[in-house]
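Structure first, then comments.
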Amino acid sequence: MSKKEQIAGNVANYVDERTGAAKWLKKNLTKVFPDHWSFMLGEIALYSFIILLLTGTFLTFWFDPSQNEVVYNGSYVPLQHVSMSASYASTLHISFDVRGGLLMRQIHHWAALIFMVAIVAHLLRVFFTGAFRKPREFNWLIGVGLLTLGIVEGFLGYSLPDDLLSGTGIRIAEAIIQAIPVVGSYLAFFAFGGAFPGHVFISRIYTVHVLLLPGIFLALITIHLMLVWYQKHTQYPGPGRTEKNVVGYPLMPVYMAKAGGFFFIVFGITAFLGAFASINPIWLYGPYTPGQISAGSQPDWYMGWLDGLVRAAPPLETHAFGHTISWNILIPGLIIPGILFTGMALYPFIESWMTGDKREHHLLDRPRNAPNRTALGAMSLAFMLVALINGGNDIIATHFHLTINGIMWFTRIGLFVVPPIVFVITKRLCLSLQRADRELVLHGRETGRLLMLPHGEFVEVHEPLSAEKIYTLTQHEQNAPLALPDVDQNGVRGATGLKGKLRKRFSVAHAEQVPSPTLTEAKAIEHH
Amino acid sequence: MTSGIKKLSRYRRHRWAAPALLVVALIGLGTTFSVASEAPAAQNVAVTQQSSQITEGKRIFLQGCSSCHGLNAEGGAIAPSLIGVGAAAVDFQVGTGRMPMADMSQQAMRKKPVYDAVQTAALAAYVASLAPGPQAVDPTSLNYERDGNTAQGGTLFRNNCAMCHNFAAQGGALTLGKYAPTLMGVDPKYIYEAMITGPQSMPKFSDKTISPAEKLSIIKWIKAAQSEPSLGGASLGRVGPVTEGLLAWTLGLGLLIGIAVWLASKAR
């Protein structure tokens with residue numbers, strides 16, 4: 001043993017004797033994780049969060065969250081001698097007079113967009129592979145919470161610089177608060193400390209943006225990861241992979257290197273975007289005053305669908321008992337998002353109720369093998385996409401020479417028509433893919449080689465699949481629909497009522513599958 | 001000196017004295033008359049030129065514009081009356097190629113002008129002769145670089161223009177396919193004329209609403225925004241968060257997924 005190793009050993013021993021870390025580390029450093037690119041989407045979100053913490057801390061050194069009016073005297077000439085809020089002036093100061101300030105601002109904003117992109121991509125992966133099933137329902141709920149908070153946190157960050165775009169966003173947020181029946185106007189007064197825009201809102205959301213929400217994020221992310229650790233990671237099906245094992249590589253050294261390297265790659269790509277692509281050029285927007293607005297004012301993309309829904313809403317209002325109910329904002333701004341996010345949060349429980357499946361699942365589904373779920377997901381995604389398109393209707397109108405009214409009507413009708421169509425098409429596609437899998441298993445791969453038989457007949461040579469491939473394509477279980485009796489034990493017809501009827505129909509829809517080839521079928525084919 | 005006058009006065013009774021004096025007086029009178037009458041003569045020439053310009057303008061109008069705007073510019077079912085719109089409106093609409101329209105779409109768009117400067121001036125003169133209206137702007141009188149104030153122009157722009165033309169003058173959508181065009185690369189003269197004539201969906205900004213000096217400030221700000229280098233990297237069109245979100249989903253997520261696939265692929 002060399003001198004160096006001896007010293008290292010002594011230090012490690014010193015720490016271990018006081019913390020007992022060796023045993024814990026030995027167990028956890030060898031923990032095995034499965035390898036797949038789609039398992040790294042959540043990592044992107046995690047690393048973006050770390051980038052956000054680092055760059056955000058840098059920005060707080062100079063940012064002044066105050067709405068006090070100041071006269072700008074910095075180095076951006078077109079705004080000199082213009083009066084503006086201290087928060088806008090300090091953001092200009094960060095952008096033009098702090099070394100590396102603009103780069104940091106842009107990295108922060110790009111990281112925020114990538115953070116939300118990665119969360120949504122991760123959510124889609126978890127949904128379409130059925131990774132939310134027992135025992136991971138709580139982690140799904142935490143994920144939905146992180147997504148919701150991410151939207152709020154992003155919106156607050158967008159609002160802080162107090163430029164013309166920020167102020168427009170805050171104004172719409174105020175409108176949504178006011179749309180809450182009866183108490184809305186009071187809530188808006190509490191939030192803004194009086195009439196809009198007041199002089200306290202920026203400092204209030206600053207505290208929420210840099211202290212409260214990041215704290216909650218840290219806590220939720222920690223629980224999210226601890227649950228992954230404790231419940232172990234799901235894996236895609238394949239030979240040797242069961243509900244009881246995890247096939248992959250150990251944390252140390254493989255994932256330490258991969259994950260560590262990936263962090264720097266994410267940082268690098270975000271920094272690349274921050275260096276070469278302008279984001280939110282606040283100096284062009286100018287300071288916010290309630291009398292001004294820019295054409296094409298949009299929220300950041302993760303709220304674009306919400307803006308799109310509000311833009312699509314027809315002007316409906318009710319006046320009753322001295323109160324005004326603005327349905328045009330209440331429905332798209334609060335009720336529909338409420339239904340969407342509640343439905344998303346409850347989906348694992350809804351699916352388990354529909355299928356009656358209460359077992360643990362650690363093997364993922366290939367999306368085609370759960371046609372109903374995949375179609376439901378595609379349907380929800382289509383709804384969001386139609387809404388998102390309407391969120392950018394003005395930009396689409398000018399750049400593709402369309403009329404904004406045409407896009408609005410497409411949205412109004414499309415929100416109801418497109419999702420069901422997408423559902424049907426997706427479900428058919430999944431079933432067709434299952435049929436293709438079945439063909440592949442039974443008849444092998446078409447090689448494209450033609451063979452002339454001695455009696456002159458031409459046949460195409462089919463190459464049988466490997467045993468591993470056949471296993472992967474046939475391992476999924478296909479459960480029959482729930483056997484729900486029409487008559488209960490007392491002989492009462494339809495005792496469970498509408499709920500029972502619905503459950504029966506959902507269960508049948510969920511169980512619709514192309515039968516997976518059986519061994520006898522395969523054998524029969526081999527014979528002829 | 002005295003001897004000179006004496007010498008001259010010696011000839012005052014000379015028999016040629018009276019005729020010589022008459023000749024001098026006639027020449028003097030003639031010269032004075034010709035000098036005095038020169039200005040009105042030039043004016044006459046100008047009047048003739050103007051009337052021939054109006055005639056030429058009317059000829060072009062009858063050929064190229066009257067089918068929609070009417071034989072006397074009185075307007076019709078598909079086009080407004082041009083009586084009283086003034087030379088500025090004609091200079092803007094024809095000079096930027098908006099008129100004559102290529103087709104009856106929602107709005108006349110900027111394109112390569114059909115008429116040259118002389119023809120445009122003739123058309124403007126003809127329309128101006130119908131009724132008084134705002135005069136075409138002389139580009140040399142727009143010294144916005146000297147007389148304008150960028151910061152004031154920016155504030156005025158955000159107050160009056162940004163709601164349609166976007167915060168960075170990139171243009172924006174209006175209802176039913178109409179749009180506020182981008183102001184990038186627009187001649188200052190045309191920006192000024194647009195403000196005083198209010199073409200298409202645009203409101204008219206009279207000198208009482210925005211003074212001529214303030215108009216110069218707005219032009220100065222637009223020109224400053226146009227020539228400002230993209231300070232944060234690629235500008236992404238300066239149209240707000242839509243293109244930013246698009247880039248995050250395409251290039252951002254695309255690169256990240258590409259690398260994730262590479263990291264998760266098995267070493268060979």
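The chains referred to below are lettered A, B, ... by the order of the sequence lines, with proteins before strands, and numbering in each begins at 1. Note that this is a predicted model, so its numbers are computed, not measured.
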With a 4.5 Å cut-off on heavy-atom pairs, point out which of [options] contacts chain B the most.
options                                : answer
A:Tyr72, A:Trp110, A:Tyr249, A:Phe96   : A:Trp110
A:Leu164, A:Ile404, A:Leu284, A:Ile396 : A:Leu284
A:Gly391, A:Gly392, A:Gly286           : A:Gly286
A:Ile293, A:Thr398, A:Thr270           : A:Ile293

Where does [X] contact chain B at under 4.5 Å (heavy atoms): side chain, backbone, both or neither?
X        : result
A:Tyr76  : side chain
A:Ala277 : both
A:Ile269 : side chain
A:His36  : backbone
A:Gln106 : side chain
A:Val82  : side chain
A:Ile407 : neither
A:His401 : neither

Would you compute the distance between atom [atom1] of [X] and atom [atom2] of [Y] and round it to the nearest 0.5 angstrom?
X        : Y        : atom1 : atom2 : value
A:Trp301 : A:Met116 : CH2   : CE    : 6.0 Å
A:Phe262 : B:Trp262 : CZ    : CH2   : 10.5 Å
B:Ile218 : B:Thr150 : CD1   : OG1   : 12.0 Å
A:Ile279 : A:Leu102 : CD1   : CG    : 11.0 Å
A:Leu251 : A:Met256 : CG    : CE    : 4.5 Å
B:Leu216 : B:Ile191 : CG    : CD1   : 11.0 Å

**Asked** With a 3.5 Å cut-off and no angle check, do the side chains of A:Ser95 and A:Arg105 form a donor-acceptor pair?
**Response**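 Per modelled atom types, A:Ser95 and A:Arg105 side chains form a pair under 3.5 Å.
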**Message:** Within the 3.5 Å criterion, strictly below it, is a donor on A:Tyr285 or A:Asn280 matched to an acceptor on the partner's side chain?
**Reply:** no
So do [Y] and [X] actually touch side chain to side chain, heavy atoms under 4.5 Å?
X        : Y        : value
B:Leu263 : A:Trp37  : no
A:Met303 : A:Tyr158 : no
B:Pro113 : B:Thr120 : no
B:Gln106 : A:Thr403 : no
A:Ile151 : A:Leu306 : no
A:Ile51  : A:Val266 : yes
A:His122 : A:Ile44  : no
A:Asn390 : A:Asn393 : yes

**B:Gln135 CD: over 12 foreign heavy atoms closer than 6.0 Å** =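 Atom CD in B:Gln135 is not packed in, count stays at 12 or less.
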**Item:** Heavy atoms from other residues, nucleotides or ligands near NZ of B:Lys204 exceed 12 (cutoff 6.0 Å)
**Value:**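 No.
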**Message:** On a heavy-atom basis, which atom in B:Val186 and which in B:Gln226 lie closest, and how many Å separate them?
**Reply:**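 Smallest interatomic distance, heavy atoms only, reads N-OE1, 4.5 Å.
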Which residues, numbered in order, of [range] come under 4.5 angstrom of chain A by heavy-atom distance?
range                       : result
residues 153-165 of chain B : B:Thr155, B:Arg158, B:Asn159, B:Ala162, B:Met163, B:Cys164, B:His165
residues 245-260 of chain B : B:Gly245, B:Leu247, B:Ala248, B:Trp249, B:Leu251, B:Gly252, B:Leu253, B:Leu255, B:Leu256, B:Ile257, B:Ile259, B:Ala260
residues 76-102 of chain B  : none
residues 166-173 of chain B : B:Asn166, B:Phe167, B:Ala168, B:Gly172, B:Ala173

**Asked** When the ring planes of A:Phe33 and A:His233 are compared, do they come out parallel, tilted or perpendicular, using 30° and 60° as the limits?
**Response**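 Judged by the thresholds at 30° and 60°, the geometry between A:Phe33 and A:His233 is perpendicular.
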**Request:** For the residue pair A:Phe276 and A:Phe272, categorise the inter-ring angle as parallel (less than 30°), tilted (30 to 60°) or perpendicular (more than 60°).
**Result:** tilted
**Request:** Inspect the contact between B:Lys220 and B:Asp147 and indicate whether a charged nitrogen and a carboxylate oxygen are less than 4.0 angstrom apart.
**Result:** no
**Residue, of B:Ala234, B:Gly177, B:Ala151, that accumulates the most heavy atom pairs under 4.5 Å with chain A** = B:Ala234
**A:Tyr236 ring center near A:Phe39 ring center (under 6.0 Å)** =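 Close enough - the centres of the two rings lie under 6.0 Å apart.
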